[in-house]
Amino acid sequence: MNNKPIDILTMKLISTASKFRLGYEADGSHDFAHCIDQLKPLLPELTNAVAVAQLFREMLAEQERHDWLALADSLEYDLPLLLKVSFKP
């Protein structure tokens with residue numbers, strides 16, 4: 001990774017997923033909010049911002065259900081993959 005904003009966000013998403021997997025829900029939720037803040041300015045650069053926004057809605061629903069493992073999976077696997085294919089070079 002070359003420290004592009006999308007790469008930095010991906011590292012933060014994976015770190016946040018780890019916190020949820022380890023049972024640190026408060027820290028994970030705090031970091032999740034930061035991930036959302038980091039993603040907002042990147043949305044105009046994405047080719048599929050609608051799909052990313054839909055995934056975030058699903059992730060917020062997982063958080064509301066306290067489904068930490070599903071949220072961790074979305075953070076670690078689904079969102080980084082979607083960002084990678086959606087980011088305009």
Side-chain angles (χ1 to χ4, degrees):
M1 295 199 180
N2 2 359
N3 291 334
K4 295 178 188 174
I6 202 79
D7 295 334
I8 294 168
L9 176 57
T10 298
M11 289 187 288
K12 184 70 169 175
L13 291 168
I14 292 168
S15 169
T16 301
S18 261
K19 290 181 181 181
F20 282 118
R21 288 188 202 288
L22 294 172
Y24 302 119
E25 293 92 4
D27 287 340
S29 292
H30 180 263
D31 287 358
F32 183 40
H34 283 277
C35 289
I36 293 170
D37 291 340
Q38 282 183 287
L39 180 64
K40 286 179 188 176
L42 299 176
L43 285 174
E45 299 178 45
L46 300 177
T47 58
N48 200 355
V50 173
V52 172
Q54 175 59 37
L55 180 57
F56 256 94
R57 282 191 287 277
E58 292 171 17
M59 290 171 23
L60 289 171
E62 292 164 352
Q63 186 181 33
E64 287 176 9
R65 290 191 314 268
H66 297 239
D67 189 349
W68 307 123
L69 294 179
L71 180 55
D73 285 346
S74 295
L75 287 166
E76 187 171 353
Y77 303 112
D78 301 334
L79 186 56
L81 179 62
L82 187 57
L83 290 174
K84 183 178 179 181
V85 299
S86 298
F87 199 76
K88 295 175 189 170

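Given the structure is predicted, the values throughout are model-derived calculations rather than measurements.
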Undergrad: Please answer: with hydrophobic residues joined when any side-chain heavy atoms are less than 4.5 Å apart, are Ile6 and Val50 in the same cluster?
TA: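 No, because Ile6 and Val50 fall into different hydrophobic clusters, even though each may have its own neighbours under 4.5 Å.
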Undergrad: Taking atom types as modelled and ignoring hydrogens, do the side chains of Glu62 and Ser74 form a donor-acceptor contact shorter than 3.5 angstrom?
TA: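 On atom types as modelled, these side chains qualify, holding a pair under 3.5 Å.
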Undergrad: Out of Pro80, Cys35, Ser15, which residue meets the side chain to side chain contact (heavy atoms under 4.5 Å, CB included) rule with Thr10?
TA: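 Among the candidates, only Pro80 passes.
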Undergrad: Measure the shortest side-chain to side-chain distance between Leu42 and Glu45 over non-hydrogen atoms and say whether it is less than 4.5 angstrom.
TA: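 Side-chain contact under 4.5 Å: yes.
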Undergrad: Leu55 and Leu43: same hydrophobic cluster, using ILVMFWY side-chain contacts below 4.5 Å?
TA: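 Leu55 and Leu43: one cluster.
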Undergrad: Identify the two heavy atoms, one from Ala17 and one from Ala72, that lie closest to each other, and give their separation to 0.1 Å.
TA: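 For Ala17 versus Ala72, the nearest heavy atoms are CB-O, 3.4 Å.
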Undergrad: If the threshold is 4.0 Å, N to carboxylate O, is there a salt bridge linking Asp73 and Arg21?
TA: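 Yes.
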Undergrad: Walk me through it: do Leu79 and Leu9 pass the test side chain to side chain contact (heavy atoms under 4.5 Å, CB included)?
TA: CA-CA 10 Å; Leu79 186 56; Leu9 176 57; 5.8 Å; no
Undergrad: Under 4.5 Å between any side-chain heavy atoms of Leu13 and Leu83, yes or no?
TA: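 Side-chain contact under 4.5 Å: yes.
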Undergrad: What are the two closest heavy atoms between Ser29 and Phe20, and how far apart are they?
TA: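 Result for this residue pair: N-CZ, 3.4 Å.
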Undergrad: Starting at CG of Asp31, measure out to CG of Asp37 and round the result to the nearest 0.5 Å.
TA: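 Asp31 atom CG to Asp37 atom CG measures 11.5 Å (nearest 0.5 Å).
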Undergrad: If you draw a 6.0 Å radius around CZ in Phe56, do more than 12 non-hydrogen atoms from other residues or ligands fall strictly inside?
TA: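 Yes, CZ of Phe56 has more than 12 neighbouring heavy atoms, counting only those of other groups under 6.0 Å.
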Undergrad: Under 3.5 Å, side chain of Ser86 to main-chain N/O of Thr47, donor-acceptor pair present?
TA: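 A pair under 3.5 Å: no.
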Undergrad: Is Leu69 reachable from Met59 through a run of hydrophobic residues whose side-chain heavy atoms are each under 4.5 Å from the next?
TA: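 Each belongs to a different hydrophobic cluster.
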Undergrad: When you group the ILVMFWY residues by side-chain heavy-atom contacts below 4.5 Å and let the links chain together, are Tyr77 and Trp68 in the same group?
TA: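 No, separate clusters.
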Undergrad: If you measure from CD on Gln63 to CZ on Arg65, what distance do you get to the nearest 0.5 Å?
TA: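 Reported value, rounded in 0.5 Å steps: 11.0 Å.
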Undergrad: If hydrophobic clusters are built by linking Ile, Leu, Val, Met, Phe, Trp and Tyr wherever their side-chain heavy atoms come under 4.5 Å apart, do Leu22 and Ile14 end up in the same one?
TA: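 In one cluster with Leu22: Ile14, no.
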Undergrad: Measure the spacing between CG of Leu71 and CD of Glu25 and express it to the nearest 0.5 Å.
TA: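 The CG atom of Leu71 sits 10.5 Å away from the CD atom of Glu25.
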Undergrad: Of the non-hydrogen atoms in Gln38 and Pro41, which two are nearest, and what is the gap between them?
TA: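 That would be O-CD, 3.4 Å.
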